[in-house]
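Structure first, commentary second.
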Amino acid sequence: MNPLARLRLLGLIEGVTLFTLVCVAVPLKRLAGVSEATAIMGPVHGISFVAYAVTLVEVIAAGQLRGGDAWRAALACLLPFGTFLNDRRLRAMLAGER
């Protein structure tokens, strides 16, 4: 799989796991006392975050992202739901619209 396509996929996974953690697991823990939800989703989100970061380094090293696009992709995983916002740019890059 193209590293840029893999970055896009991992960005979406990272965003979905964060959404699930924040909007499902944490409320279950706080409101219903179900701590298992955060015990499961916390590490799942952590793994997806690390996979995104590692793939981002690979994409930058391969020269597929430079300058502002590289910074945008790096900031996307640090801002809540930023990977969803960055997905539009990655999709355009994959389509060759750069």
Side-chain angles (χ1 to χ4, degrees):
M1 177 182 261
N2 177 345
L4 193 59
R6 190 170 63 240
L7 181 68
R8 180 174 178 236
L9 175 64
L10 287 170
L12 292 173
I13 291 170
E14 192 271 341
V16 168
T17 60
L18 177 61
F19 180 82
T20 305
L21 180 63
V22 171
C23 296
V24 177
V26 171
L28 278 174
K29 180 179 181 178
R30 298 292 180 208
L31 301 174
V34 181
S35 62
E36 293 83 8
T38 54
I40 293 169
M41 282 312 301
V44 169
H45 173 65
I47 290 168
S48 68
F49 176 84
V50 170
Y52 179 89
V54 168
T55 303
L56 177 60
V57 170
E58 291 175 4
V59 169
I60 292 170
Q64 290 185 302
L65 282 179
R66 293 191 176 118
D69 289 326
W71 281 107
R72 179 195 310 242
L75 285 174
C77 71
L78 299 176
L79 299 173
F81 310 112
T83 55
F84 291 138
L85 298 174
N86 193 48
D87 182 63
R88 184 180 199 181
R89 179 72 178 142
L90 293 177
R91 186 179 37 203
M93 292 175 80
L94 282 167
E97 298 172 12
R98 225 185 214 297

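Here Leu28 is tied into one hydrophobic group with Val24, Val34, each link being a pair of ILVMFWY side chains closer than 4.5 Å. Using a 4.5 Å cut-off between side-chain heavy atoms of Ile, Leu, Val, Met, Phe, Trp and Tyr, Val16 falls into a hydrophobic cluster with Leu12, Leu18, Phe19, Val22, Phe81, Phe84.
When side chains are defined from C-beta on, Leu65 counts as touching Leu7, because their heavy atoms get closer than 4.5 Å. At a threshold of 4.5 Å between non-hydrogen side-chain atoms, the residues Leu78 and Phe49 count as touching.
Minimum interatomic distance between Ile60 and Ala70 (heavy atoms only, all atoms of both residues): CD1-CB, 3.8 Å. The two residues Leu56 and Ala74 have their closest heavy-atom pair at CD2-CA, 3.6 Å.
Residues forming a side-chain contact (heavy atoms from CB on, under 4.5 Å) with Leu9 (at least two apart in sequence, or on another chain): Met1, Ile13. For Pro3, the side-chain contact (heavy atoms from CB on, under 4.5 Å) criterion is met by Arg6, Val59, Gln64, not counting sequence neighbours. Residues forming a salt bridge (Lys or Arg N to Asp or Glu O under 4.0 Å) with Arg72 (at least two apart in sequence, or on another chain): none. Residues that satisfy the side-chain contact (heavy atoms from CB on, under 4.5 Å) test with Val57, not counting sequence neighbours, are absent from this structure. Partners of Ala39 by side-chain contact (heavy atoms from CB on, under 4.5 Å), not counting sequence neighbours: none found.
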Report the C-alpha distance between Arg8 and Leu4 in whole Å, list the side-chain angles of each, state the deciding distance to 0.1 Å, and finish with yes or no for side chain to side chain contact (heavy atoms under 4.5 Å, CB included).
CA-CA 6 Å; Arg8 180 174 178 236; Leu4 193 59; over 6 Å; no

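Each salt bridge (charged side-chain N to carboxylate O under 4.0 Å, His left out) pair with one or both residues in residues 15-26, not counting sequence neighbours, would appear here, but there are none. A side-chain hydrogen bond (donor to acceptor under 3.5 Å, both in side chains) check over residues 29-53, counting only residues at least two apart or in different chains, returns the pairs Thr17-His45, Thr17-Ser48. Identified under the side-chain hydrogen bond (donor to acceptor under 3.5 Å, both in side chains) test for residues 73-86, with sequence neighbours left out: Glu14-Thr83.
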